[in-house]
Amino acid sequence: MSVVPPGGTVGILGGGQLGRMLAMAAARLGLKCAIYAPEPDAPAFQVCDSHVVAPYGDHDALVRFARGVDVVTYEFENVPGDAATVLSGLKSVRPSPVALSVIQDRFQEKSFARERGIVTTPFALIDSDASLQAALKSVGTPSVLKTARLGYDGKGQKIVRADQQLAAAWNELRRVPCILEGFVDFTRELSVVAARGQDGQVACFDLVENRHENHILRTTLAPAKAPQRVKAEAAKIATQLLGAFDYVGVMAVEMFETKDGRLLVNEIAPRVHNSGHWTIDGCAVSQFEQHVRAVAGWPLGDPSRHSDAVMTNLLGPEANAWREYASGTSTAVHLYGKGEARPGRKMGHVTRLFPLGLRPDA
Ligand code: AMP
């Protein structure tokens, strides 16, 4: 165990809204944050103690950054593996670069889960003409072709409706390594945000339901209305994954619920997650504080919810209506301090709170 006490510094790779909310949670615990990001106007810079602007491949800048912090973490999964490795030679990096590298690759991620008996969407690797043919045999169509790396919010994905479309779809994705996933006719998308401390203690926030529009999360309903059996199963999956990775920090597990009530793991995020934003206002200890506690070697906080919540992302110009949201009852407004409100850009979110058990069906 290595503990960062109040007054210490947490280093965060990545300066988006997740880094910003991590830094704000750290400040509440008397910890400082140093942020490393390539963009000179990263939103997290506005709320941290110090920052470095440099590309992730800048070895000297990484070393300088590491010297000024007590522990390193990250707020997005596409941190180049080399950066995590350089840093881990100098300071503790949590969660570990090993977990990061497995989760960065959809094929490795799903294989890791499958090898541990966790049910995922059906999948196969495509990295050659031969494996493309094999994937057609094992997964077939309709299906979704996804780049193995660097995809987010539906980017790097193609729906393949018929076998003869697959080769063209792979060409469109420039024949980079991909996975072909069976198209799941799910009833809804659910996720669990959970944390594991340095002592192996696990804390799961409530199972939530997520609604997407144009592949971007629009709304999270907390808690998901689901039988206890489904909630327990989701928490079991998250707990199993955290243990298998010997993970320290917050992880989100996104799942599809099928018509017959089964849960299929779609994606793992090795970080705080948009579907956990409601915890800032719905729980005594948010996902952000929980992550900081875990990486700083503190005891985890109680993840239980004191209110039901509906979290809605404010995308692009929607954030211009901040005045209206700010006057809503039981509504918490979060704005990320970003400049340009490009369409689809996550500019902020609002969380409406309800007494326990009284969340309306949105
Ligand atoms: P992902 O980037 O894997 O989280 O996928 C983005 C979104 O695409 C998901 O939230 C789903 O709405 C949809 N999607 C992804 N994979 C599948 C699948 N195998 N079957 C059906 N829909 C999918």
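Counting starts at 1 for both ligands and their atoms, in listed order. The basis for the numbers below is simple: all heavy atoms, side chains too, and nothing from hydrogens, waters or symmetry mates.
The aromatic rings of Phe45 and His51 lie parallel to each other, with less than 30° between the two planes, well short of the 60° mark.
When only interatomic distances are considered, the shortest N/O to N/O separation between Thr121 and ligand 1 does not fall below 3.5 Å. The N/O atoms of Val184, backbone and side chain alike, include one that comes under 3.5 Å of an N/O atom in ligand 1. By the 3.5 Å distance cut-off applied to N or O atoms, Val144 is not counted among the residues near ligand 1.
Those atoms of ligand 1 with a heavy atom of Glu267 less than 4.0 angstrom away are 1 (P), 2 (O), 3 (O), 4 (O). Of all atoms in ligand 1, listed by their number and element, those nearer than 4.0 Å to a heavy atom of Glu189 are 9 (C), 10 (O), 11 (C), 12 (O). Remark: ligand 1 atoms within the under-4.0 Å shell around heavy atoms of Phe186 are 12 (O), 21 (C), 22 (N).
Taking each of His215, Arg211, Glu254 in turn, the one with a heavy atom nearest to atom 8 (O) of ligand 1 proves to be His215.
Residues forming a side-chain hydrogen bond (donor to acceptor under 3.5 Å, both in side chains) with Asp308 (at least two apart in sequence, or on another chain): Arg305. Partners of His334 according to the side-chain hydrogen bond (donor to acceptor under 3.5 Å, both in side chains) rule, which considers only residues two or more places apart in sequence or in another chain, are Asp281.
Inspection of the Asn266 and Thr121 side chains reveals no N or O donor paired with an N or O acceptor under 3.5 Å.
Within the 3.5 Å criterion, the main-chain N or O of Met24 finds no donor-acceptor partner in the side chain of Arg28.
For the pairing with Val79, the side-chain contact (heavy atoms from CB on, under 4.5 Å) check across Leu87, Val93, Leu100 returns one residue only, Leu100.
Within the 4.0 Å heavy-atom criterion, the part of Asn266 lying near ligand 1 is the side chain and not the backbone.
Counting non-hydrogen atoms of neighbouring residues, nucleotides and ligands closer than 6.0 angstrom, the NZ atom of Lys236 reaches no more than 12 such neighbours.
Not a single heavy atom of Ser143 sits closer than 4.0 Å to an atom of ligand 1.
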